[in-house]
Amino acid sequence: MYVVKIGGSVYENIEKIVSDLPKNNRLIIVHGGAKIVTDIAERLGIKQKFVVSPSGIKSRYTDWKTMEIFQMVIAGKINKDIVRFLVKNGRKAIGLCGIDNSLITGIRKKKLIIVENNRKKLIEGGYTGKIKNIDIDFLRLLVNQGIIPVIGSVALSEEYEPLNINADTLASFIASKIGCEEIIFLTDVDGVLDKDRKMIPVIHTSEIQNMNIGFGMKRKLLEISRFRIPKAYIYNGLRPRPFSDPVGTVIIYDGN
Ligand SMILES: Nc1ncnc2c1ncn2[C@@H]1O[C@H](COP(=O)(O)OP(=O)(O)O)[C@@H](O)[C@H]1O
Ligand SMILES: [Mg+2]
């Protein structure tokens, strides 16, 4: 069994990605789509706020208006597009997010520490959360029936609110809990790049901590090693045949 994580950054190539998917049906697809959420929110005239954490990481602030769009875009538009192309290719697939059958429960971050004008500030947390639990038995049931679960990165909070969760974390969490040997991340670059923007073909997890890598990519590497995924691939999902003619990096877990 394996997990494929499709980043919002490669959504424009989704039809080609789906038609090139390996024929092995024992897989789970996880997707995010924050970039498309930002795009649609702006088209609807809802200004997106970004905040900076004390460690310097910039992220979107998910207020309620944004959360409404997040749910529509991730659980609706993107999720159903992926399922649509899967069934078009003769595959059995079902689209889900964490709300469906309480598949993914999460804990809302009630407060957030941010940095503004060089000063730390405590603000309302908005609708982002941490994963609490995933109903792995239910996913296993679907996979054993030959149905591909397609899961959007929305969780259900303890107060039954929708939550924005990180899709890289979700994919790694599922892979580790269900016992996958492999996970494939599709993103918009040719794998992990060095300072001269040359692709690094192989990385061992013990090297990750000391590597100087920008945030979107670092997050994937940290989750792969935190969840001890035996083998992960980071491939360019914008290529014409992302799986059968792959370009990218292999990450091997070496116990650290
Ligand atoms: N050293 C690096 N190698 C590759 N990508 C990097 C690196 N540092 C930062 N990045 C960024 O990480 C991005 C991928 O993460 P992200 O934007 O979150 O996309 P996704 O939607 O796939 O999660 C790349 O587009 C790239 O700009
Ligand atoms: Mg990302």
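All values derive from a computational prediction rather than experimental measurement. Note that ligands are numbered from 1 as they come in the structure, with each ligand's atoms numbered from 1 the same way.
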Q: May I ask you to decide whether Glu182 forms a salt bridge with Lys231, counting only side-chain N to carboxylate O separations under 4.0 Å?
A: no
Q.
Can you tell me which residue among Leu96, Val83, Val18, Ile94 is in a side-chain contact (heavy atoms from CB on, under 4.5 Å) with Val150?
A. Val83
(Q) Assess, by modelled atom type and distance only, whether the side chains of Tyr11 and Asp81 contain a donor and an acceptor separated by less than 3.5 Å. (A) yes
Q. Would you call Lys65 and Glu68 a salt bridge, taking side-chain N to carboxylate O under 4.0 Å as the test?
A. no
Q. Taking any residue with a non-hydrogen atom under 4.0 angstrom from an atom of ligand 1, which ones do you get?
A. Lys5, Gly7, Gly8, Ser9, Lys35, Leu186, Thr187, Asp188, Val189, Gly191, Val192, Leu193, Ile213, Gly214, Gly216, Met217, Lys220
Q) Would you call Asp39 and Arg43 a salt bridge, taking side-chain N to carboxylate O under 4.0 Å as the test? A) yes
Q. So, are Lys111 and Glu124 salt-bridged, with charged N and O less than 4.0 Å apart?
A. yes
